Structure formats: structure tokens, C-alpha cells
Amino acid sequence: MGAKFGNMKNFIEELRWRGMLQDIMPGTEELLSSGVVKGYIGFDPTADSLGVGNLVQVMSLLHFQQCGHKPIALVGGATGMVGDPSGKSLERNLLNEETLQHNLACQKAQLEKFLDFNCGERSAEIVNNYDWFKNFSFLEFIRDVGKHITINYMLAKDSVQKRMDSGMSFTEFSYQLVQGYDFYYLWKHQGVRLQMGGSDQWGNIVTGTELIRRKDAGEAFALTTPLIKKADGTKFGKTEGGNVWLDPKRTSPYQFYQFWLNAADEDSKNYIRIFTLKTKEEVEALETEHLKAPHLRLLQKELAKEVTIRVHSEKDYLSAVEASEILFGKGTAEALMNLSETDLLAVFEGVPQVEISKNELDAGINIVDFFADKTNIFSSRGEARKMILGGGVLVNKEKIDNVERSLNASDLIREKYILAQKGKKNYFLVICE
RNA sequence: GGGGAGAUACCAGAGUGGCCAAAUGGGACGGACUGUAAAUCCGUUGCGCGAGCUUCGGAGGUUCGAAUCCUCCUCUCCCCA
């Protein structure tokens, strides 16, 4: 492998130009250039799907592997039972065991989509820290692990300091030790030398390297990625609808594609570096093109394409583009009527669907009744009425401005569907049967 | 244990007997502009087509009339021990 290794990209260089390097422990770069390194990142099983926020870490592992190293994803079966206080101002509720197991399994399946698990020495691995914690008794833990780290050291951490006023349970306080031991365990038993993570994990990671040093006089390394910031200062990875998830059941491929497509220009430059595997040259060329014609949003399109394909599939990407064109393109009212039922359903796959009865429609439904009572697209009749009067309501891509208007069978597309729209971006497919 | 302050709509925060469905700011939603962007501007933001109805921590009371006054309860914050 030694000779082959020389051809690999330098991981640190790669992270640097992509803007993915926040802190790095001295000596890390030397370690990485010396051969294949095992590095890991931990994932917190707080939900049964990873979100786009976690994607930064997933991409770190992917770059790591592509740079010739061996990535390990750790799912936090044990740490998830404790709760990471980092960045949290309040004590967390504990997850019950059943939820935890479910979340772990789901996250594991998602991680498996990104990394190569069958490429010899550099094959990715997934480990669960519950495996080494389940038989570790409390007494053993405080003797073998707790003894090496002082309270003074632990208290100095940011995550602890920030909670000195509001309070923190012993459970959360001990979190850093539990995570620190993960690193020690992987270092000791699997030869893992590097831990990566978001910058908020620096404190926890360093507890690990410290434990390795004090307990075994060993050496381990660390680096972190910066917190992703959006140009407008709001939190990355959220939309009006909440978190953007990788699980298509939570965030449809269409919505997922739209999330990236809607990135601000300023943000898309950062995102394309972080979330795609495009080379520096490719990225810079795209940026030049984008500057020439910003309205084409080339950066956003390329970004959305690559990420959607990686997370979902080529097919999902194509459907998302098609749906986007129909929903946002020109001459759409007619195009909509001409869609086959199959295409129609494919295009609107990720759009919320509502059912109403055919009989009622045949009798004619007033537009306000339709939007408020029948479909609950608006939570009250008054709101529906105001929105219609304000010009924010469309049916089958045509604006409705009259509250007296009725809908009947002649408004159906393919004799079965009505495309209801609230504002520019919120679509509802009403199925009538 | 003693003393003080407070609880108002999604949030922050005015209002201290009628002019209050409740200022203002933020957020959210919609419109115009545009590039499905940013910035800006406009509108909406308890329910009802409307008369009107139900809201200001909870329960009672005073009054023609209460978010506003009184009583009790619950909770939060601060200071002293």
C-alpha cells in the first residue's frame, strides 16, 4: 500500500480548501502522511434519521476514505443513553431503550450508503459503543477511567461551564468521560488514531486523547470541522417545515433537492465544497460560470444534483428536477393538464396529499370550504378567505381571487386530481375519489 | 423561613377600570419586485361572511363594564437567613 499511498490526495489539504477544517491537533498531518490511518466520527442517535447537518461529518468520513484512510462511523448506543451536553443549555430528556435501538438501526443503514465497505484495508466500518459499555460496570468505570481524569479538568470544559448557572446532572457531566473512553477503547483495541467531529466536539475529543495519554501514555490525534454558518445567520439544515432529513419518509427527495437548490449564492459556494466531491478546479470553474450568469444558479443546481443523487438516487434526482420544472417553470397550467397520471403521481410524490370525496366535488365545493374545511390546507376559513383575497391561492396553477368561486369535476386533472397551491412554494395534491 | 418582583397572543414586551381582540418589535405566512436568491416595499397574523363570540397563569368576587380592582390557588425570578 505504501507506494500506492503516494498518489492519494492529502486529507488535510483537502479539508483546508473545502473550508472543512476548524481545529487540528499538532502532529495530525504527519500522522496522516505516514500511511493508512484509522479515524472515526461519532453519531448521536437522537433521531431515527440523520439530517443534512450530520452530512458534514459523513462527508468528512468520505473524504477521509478517498484520501486513502480507513473511516469508522461510531453510532452512540451508549453515549445516546447519557446525552451530550455540548451546545445544550438545558438538561436533555433520556431516550428510552426501544427508541434508541430503532434510531441506531436507521442511522446505521443510512451511513452504509455513503462509505465503501469493501475496498480492502480502507474498508469502512460501523461500530456501536454500546458493545463495549454494556458489560462495563459503574465501579470498574470510575476506577479504570474516572481515576485518570480530574474533576478540575472536566469542569474547565465549555460545555460544563455554560451549564454552571442553569444546572447539569451528574449524568450529563460524565458524558465527556464516556465519549473519551470510546476513543481510548478504539485506540487500544482497533488501532484508531484519529477522532474527527464538529467543532462543538473538540472538548469531548480532547478528553479522549488526554485519557489515552494518561492511562497508557499513548498518542492520539484530533481534528474538527467548523460549524456551518448561513449567510443570513440562521441555522443550517432547517426550512420552514423543520429539519431536512436524509430519510425520504421524512423529507421527500423533491423537498431535499429543493433545499439545496434554494441555497443563497453565498452559501452555495461553501456548500458545494463541503457536500460534493468535486475537485477544486471543478468548483472554481463553476463559480466563474455562476458569476457570469447568477440567475441560472448553476452552483445550486450542481450542488443539489450531486447531493440528491448521493443521498437518494439518480432516478429521484430526475423526478425532482421534473417536478421542479412543472411547479416553477413556464406555461405550466397546460403542461399540468397534459401530464399522464403516472407522471403526475411521480412528480408530486413528495408533495403532501389530501383526499376528498368525489360526490362532494360533483355537487360543487366553494373555494373557501375546499381550502379550509375539506382539505385543511388552511387552519381556518378566515385565513383561507384572506389568502385568497390577498392573491396567495392557486388551483391547478391558476390564481383564484374570488371567494365565491366553486370547484367541481371540471377542475379535475385526469379526472381525479386537483393541484392546490398556497403561495409560490407550497403545493398540495388533492386526490378525489 | 423572611422580604420583594412577576405571569399578557409564536417570542420579546407595552397596557394598570370603558377609546383593548389588546401598542411596538421580532418571527411566521402571503403579495409586488427578482433568479424558486438577497435587499426592499406592501398586506395578514384568536374564531366568524357578518352581527358577534371566545382570549391576557387558574378559580372565584366587586362593577353597568375588568388584561386592568379584591380574595384564594399554581408557577417563575430576585434579595436576606
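Lettering follows sequence order; numbering is per chain, from 1. These numbers were taken from a predicted model, which means no experiment stands behind them.
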Given the [atom1] atoms of [N] and [M], what is the spacing between them in whole Å?
N	M	atom1	result
G50(B)	U44(B)	P	14 Å
G58(B)	G48(B)	C1'	28 Å
G25(B)	U71(B)	C1'	36 Å
G46(B)	C41(B)	C1'	28 Å
A66(B)	C49(B)	P	27 Å
A12(B)	U8(B)	C1'	12 Å
C72(B)	C80(B)	P	28 Å
U45(B)	A21(B)	P	15 Å

Please name the nucleotide paired to [N] by Watson-Crick or G-U wobble geometry with both distances under 3.5 Å, or report none.
N	result
C75(B)	G6(B)
U63(B)	none
U24(B)	A12(B)
G43(B)	C29(B)
C56(B)	none

Answer yes when Lys230(A) and Glu266(A) have at least one side-chain N-carboxylate O distance shorter than 4.0 Å, and no when they do not. no
Would you call Asp411(A) and Arg405(A) a salt bridge, taking side-chain N to carboxylate O under 4.0 Å as the test? yes
For the aromatic rings, using the six-membered ring if either is Trp, is the centroid distance between [X] and [Y] under 6.0 Å?
X	Y	value
His312(A)	Tyr317(A)	no
Phe275(A)	Phe236(A)	yes
Tyr181(A)	Phe133(A)	yes

Going by modelled atom types, is there a donor-acceptor pair between the base of U45(B) and the side chain of Glu383(A) at under 3.5 Å? no
Quick one: the side chain of Lys301(A) and the base of U36(B), do they pair up donor-acceptor inside 3.5 Å? no
Below the 4.0 Å mark, does [N] have OP1 or OP2 next to a side-chain nitrogen or oxygen of [X]?
X	N	answer
Lys386(A)	G48(B)	no
Asn366(A)	C49(B)	no
Lys425(A)	A37(B)	yes
Arg381(A)	C49(B)	yes

Given RNA chain B, 5'-ward residue of the pair Val368(A) and His295(A), judged by closest heavy atom: His295(A)
Assuming nearest nucleotide by heavy-atom distance, tell me which of Gly392(A) and Ala263(A) is located more 5' along RNA chain B. Gly392(A)
Write down the distance between [atom1] ([X]) and [atom2] ([N]), rounded to a whole number of angstrom.
X	N	atom1	atom2	result
Trp260(A)	A37(B)	CH2	P	18 Å
Arg297(A)	A37(B)	CZ	C1'	7 Å
Leu296(A)	A37(B)	CG	P	15 Å
Asp267(A)	A37(B)	CG	P	14 Å
Lys424(A)	A32(B)	NZ	C1'	8 Å
Asn376(A)	C47(B)	CG	P	14 Å
Ile388(A)	G31(B)	CD1	P	13 Å
Leu389(A)	C42(B)	CG	P	20 Å

Of the listed nucleotides [options], the one nearest the side chain of [X]:
X	options	result
Ser380(A)	G35(B), G48(B), A32(B)	G48(B)
Phe328(A)	G35(B), G30(B), U36(B)	U36(B)
Ala264(A)	U36(B), G35(B), A37(B)	A37(B)
Ser324(A)	U36(B), G30(B), G31(B)	U36(B)
Arg385(A)	C49(B), G48(B), U36(B)	C49(B)

Is any side-chain heavy atom of Cys432(A) less than 4.5 Å from a side-chain heavy atom of Glu355(A)? no
Name the orientation class of the two ring planes belonging to Phe138(A) and Phe170(A) (parallel below 30°, tilted from 30 to 60°, perpendicular beyond 60°). perpendicular
Which part of the nucleic acid does Ser268(A) contact within heavy-atom distance under 4.0 Å: base, sugar-phosphate only, or nothing? nothing
Have a look at Glu266(A) and say if it touches a base, only the backbone sugar-phosphate, or nothing, with a 4.0 Å heavy-atom cut-off. nothing
When rounded to the nearest 0.5 Å, the distance separating CG of Leu407(A) from CG of Asp369(A) is 10.0 Å
